[in-house]
Asker: 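Before we start, here is the structure in question, set down as structure tokens.
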Amino acid sequence: MTLASGVAAGSIAHPLAGYRSEFPIFRDRIYLNTCSLGPLGERARRKLAGFLDVWQARGAAAWYDVWWDALTELRGRYGQVIGAQARDVALAPSVSVAVATVASALDYVKRPRVVVTSLDFPTVVYQWLAKRGHGVELIVVESPDQVTVPVEAIARAVDDRTALVATSHVYFTSGAIQDIRAVAEVAHARGALCLIDAYQSVGQVPVDAPASGVDFLIAGGLKWLLGGTGIVFCYVRDQAGPRLVPTVAGWFGHREQFAFEPRSLEFHDDARRFELGTPSLAAIYTQLGGLEYIEEIGVPAIRRVTSDLVEDLVARARAQGLKPKVAGAADQRSAIVMLPAADPAAAVHHLASGAIVADARPGHVRLSPFFYNVQDDHVAALDRLATYRSH
Ligand SMILES: Cc1ncc(COP(=O)(O)O)c(C=O)c1O
């Protein structure tokens, strides 16, 4: 049987659906909210439990032969996901901290301008709103359609007084994929640096950070890397990092961290110069476990499955007369699908009372399928939304 749109009514299993059994939340719920918080997988839970066991048994002694190596291992393994080296990766507790540390290193005297877009996550923009009145001129490039921002519009805002272009790889408001190589080019053409918030892309969309040419690319565990809260990665391009001197600091950024020398500050010559204080080991271990899924499957295979899921979800939504807010071309769509809703919070509540986890954003219900989702999840969510609308 096919629906009016040509969408098959039944569900087609895909090769990654077997991983669903490793995410216990699916035992009694349909989870369609990875873009808010990735669900806890068994491997992540095991790694976290292992860390707690070691902490309980050995205390601080484990720093020297176990935990220190875990930091190095995580920088290296995350680096491989984005085509980079361990030395290109700094650890941070949140995107806000990572962006603020980078923002502290820029010279706004000769180059006071910072260019962002209206679709970026507010925490990125706030770094420079907080510096207005302290010599920073913030330009917010508007989106003509609330889905994406043309690179030409960003280029028009960049001038020879621009320190940085800071925008997203995947816009959290629409799921549209931005051409970050093109953004880096327009920034570099005027001598500016380029920072990309890739929190909504790394893990679900292939990223080659060095090939993209961006100077900073920030992502983390919360969403598509299945590592939970408190772990963020700041990739720093090797030509960009050593030229910059942060004006906030902590002992993890010091080249001789264990010299405990309070009279001088020599930053690492790699990305670690942007690290501040002691990372959360619970977050490090949860992320090491979550990363196993991403490494084992590989982002290209994840992308193939999620692209099919997204096209299925969009087609089914359209067949119900909905107008999903997504990018026009399939290859610019990521696994974030915005469905217009008169009262998104109430619609999400109605989904939740039917054991379907989704999210509300202004004017929209946000659904985000990942490799453990199947087409039946879309059928269930859209049916439930239809009963909500009919009331
Ligand atoms: C694109 C994007 N950037 C940043 C954040 C959050 O940043 P922070 O780690 O500072 O909470 C989110 C959502 O949690 C996001 O979707």
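First listed ligand is number 1; within each ligand, the first listed atom is number 1. Along the sequence shown, the residues carry numbers beginning at 1.
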Asker: Can you pull out every side chain to side chain donor-acceptor pair (under 3.5 Å) where at least one residue sits in residues 57-71? Sequence neighbours excluded, please.
Answerer: Arg58-Asp65
Asker: Scan residues 91-112 for pairs that pass side chain to side chain donor-acceptor pair (under 3.5 Å), counting only residues two or more places apart or in two chains.
Answerer: Ser96-Thr123, Tyr108-Trp128
Asker: I'd like to know whether the aromatic ring centres of Tyr199 and Phe121 sit less than 6.0 Å apart in this structure.
Answerer: no
Asker: Can you list every protein residue that has a heavy atom under 4.0 Å from any atom of ligand 1, sorted by chain and residue number?
Answerer: Ser94, Val95, Ser96, Phe121, Thr123, Phe172, Asp197, Tyr199, Gln200, Leu222, Lys223
Asker: Using a 6.0 Å cut-off, check whether atom CD of Gln85 has over 12 heavy atoms from anything other than its own residue.
Answerer: no
Asker: Under the salt bridge (charged side-chain N to carboxylate O under 4.0 Å, His left out) test, which residues partner Arg27, sequence neighbours left out?
Answerer: Glu42
Asker: With ring-ring contact (aromatic ring centres under 6.0 Å, His included) as the test, would you mind laying out the steps for Phe371 and Tyr19 before giving the verdict?
Answerer: CA-CA 8 Å; Phe371 60 82; Tyr19 280 98; 5.7 Å; yes
